[in-house]
Protein chains: 2
Amino acid sequence: MKRTTSSGEVPTGYDPLQFPAFAVTVDVVILTVSDGALHLLLVRRGESPFEGMWAIPGGFKRPTETLDEAARRELREETGVDVASLLVQFGAFGDPQRDPRMNVVTIGYLAVIRDVGAIVAGSDAADAALIPVSEVLDGKLELAFDHRRIVCDAIERVRVELAVSGIATAFVGTTFTLAELRGVYEGLWGVQLDAANFRRRVVNKDGWVIPTGRRARPGLAGGRPAELFRVGRAWNHSGLTHPQRNHQEREVE
Amino acid sequence: MKRTTSSGEVPTGYDPLQFPAFAVTVDVVILTVSDGALHLLLVRRGESPFEGMWAIPGGFKRPTETLDEAARRELREETGVDVASLLVQFGAFGDPQRDPRMNVVTIGYLAVIRDVGAIVAGSDAADAALIPVSEVLDGKLELAFDHRRIVCDAIERVRVELAVSGIATAFVGTTFTLAELRGVYEGLWGVQLDAANFRRRVVNKDGWVIPTGRRARPGLAGGRPAELFRVGRAWNHSGLTHPQRNHQEREVE
DNA sequence: TTGGTTTTGGTCATGTCAACAATAACCTCA
DNA sequence: TGAGGTTATTGTTGACATGACCAAAACCAA
């Protein structure tokens, strides 16, 4: 049995070129909620291969920076925002044929930003757009490289993270109404949540949301003005779970 | 604002060496539960740097294989087992100085195997050992490279995964008693669980465990023989949660 | 047979949560 | 100004989950 260690059977005098060399890139899936639906930021490729197709923004990792720094740099170059509400690594992708030109391993990052409308407009709007993720998941919109799979993994991660931690607050502004926050859950899970029960669950969560005294102005349709909240610091412990039917059938098929 | 896409500003006629080249490795954190405590498989490094120190097994990704294949290959080379109960990627590590020799980006994999005792014995036992993770977390045992951080991330992932999915069954054999399964939770969470309540929670979970008719032989101390279960297929939906005190104080500090 | 040990089943009180009803506070339009 | 519409919030209720605790069952060793 061959024994190898983390960096392999490297003799003391090594030659870097003797080992398989890869290009390492960082790709950032930038998400936001708009009109109650999850959207992601895509850019149109200007070069071959996949010229003219939509892709998620990304670029080479530089030898002097960490992966996190590379992701933050890419996000800044793409959107101009310096810090996202959330920027976490969610996976690495290294299939041999994922880039037809050379061997590229990419590290996927997930970024959540609050209101990206103005940001995309300020950017080079010609080749960047906010696309509903449903179009990607449906397969209606084809993406370059293996970016469809990368996006799918990112979405899945968001859904899980939403249940296990308080990611939802990353999608809303610094102050928000509970209806807005509820919309994030409904959009990402594709469910309808009871407003009354949602309120109780969220407000009772220890340090989850903090009421500011103020109230939001009602929408065009009127209605009682909603209370304004800001995020508490404890949005990282036990998240919300999917609502489960009261009368779930307990049959073991 | 500079616009880059996933593979950067690569002209059509590209020269691979013109872009930052990295070595890509796959490191596998191999976990098992032994004597009610979580252990991990470490190998002793035979070469510089960090010669003689403990490290997690790993090696170079080959250009023709996927990351998952590389992880499976490393696991097989190290333990001889062909397929783990669980083998998932959990993170990428690419700090510039993590390897003093060259720029190495490593992809961390988490492997869970059932009974590793015989396996390690069958391997080249001189430089491989099962170490309690507590010794690594305490800092009592120093690891090569940034492997301590990699291990910490893996453990954290296991703890979360344990609550959100049914990872626990990956630690036990194909048939198991509820005491064994409970021991996994107790070992990983560092808590004591009531046997009666644990049984109800696990058995009531839809498709979680399936009773085989057989019973285990009692231990040396006697006791009623335990029922033997096997894992159901639905161990991926809503996991168990930490037990929470009945009278939790609800103060907002 | 007796005492020890482990598993399994039962009870009870409390807490959580979904469903639903009712009220409060705003809007627009007549 | 008032009526009807809309949204947010509070209340109530019943089903279920869960933790604490107790008791019985089924084995061992002596």
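Below, chains carry the letters A, B, ... as their sequence lines are ordered, and counting in each starts from 1.
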For [X], what residues pass the side-chain hydrogen bond (donor to acceptor under 3.5 Å, both in side chains) criterion, not counting sequence neighbours?
X	value
Arg199(B)	Glu227(B)
Glu180(A)	none
Arg230(A)	none
Arg200(A)	Asn197(A)

Taking the minimum atom-to-atom distance to the side chain of Arg199(A), which one of dT10(D), dT6(C), dA25(C) wins? dT10(D)
Can you tell me which nucleotide in dC21(D), dT12(D), dT8(C) comes closest to the side chain of Arg224(B)? dT8(C)
What's touching nucleotides 28-30 of chain C from the protein side, N or O pairs under 3.5 Å?
none

Return the value, rounded to whole Å, for the distance between atom [atom1] of [X] and atom [atom2] of [N].
X	N	atom1	atom2	result
Gln192(B)	dC21(D)	CD	P	14 Å
Asn197(A)	dG14(D)	CG	C1'	13 Å
Glu227(B)	dG9(C)	CD	C1'	12 Å
Phe229(B)	dT7(C)	CZ	P	12 Å
Arg201(B)	dG9(C)	CZ	C1'	18 Å
Asn204(A)	dA18(C)	CG	P	13 Å
Arg200(A)	dT16(C)	CZ	C1'	10 Å

Judged by nearest nucleotide, the residue sitting upstream toward the 5' end of DNA chain C, Gly223(B) or Asp194(A), is Gly223(B)
Which ones in residues 211-219 of chain A lie close to DNA chain D, meaning a heavy atom under 4.0 Å from one of its atoms? none
Close residues, residues 173-184 of chain B, relative to DNA chain D [heavy-atom separation under 4.0 Å]: none
Partners of Arg182(B) by salt bridge (Lys or Arg N to Asp or Glu O under 4.0 Å), sequence neighbours excluded? Glu186(B)
Donor-acceptor contact below 3.5 Å, side chain Arg148(B) vs main chain Glu142(B): no
Considering non-hydrogen atoms only, spot the tightest contact between Ala168(B) and Tyr185(B) and give its length. CB-CE1, 3.3 Å
Side chain to side chain contact (heavy atoms under 4.5 Å, CB included) partners for [X], two or more places apart:
X	answer
Gln89(A)	Leu67(A), Ile107(A), Tyr109(A), Ala92(B)
Arg73(A)	Arg62(A), Glu65(A), Ala70(A), Arg76(A), Glu77(A)
Val133(B)	Leu31(B), Leu38(B), Leu40(B), Ile155(B)
Ala226(A)	Thr177(A)

Please work out if Ala195(B) contacts a base, only the sugar-phosphate, or nothing of the nucleic acid, heavy-atom cut-off 4.0 Å. base
Identify whether any heavy atom of Ala196(B) sits under 4.0 Å from a base atom; if not, whether one sits that close to sugar-phosphate; answer base, sugar-phosphate or nothing. base
If I take atom CZ from residue Phe90(B) and atom CG from residue Asp27(B), how far apart are they, to the nearest 0.5 angstrom? 8.5 Å
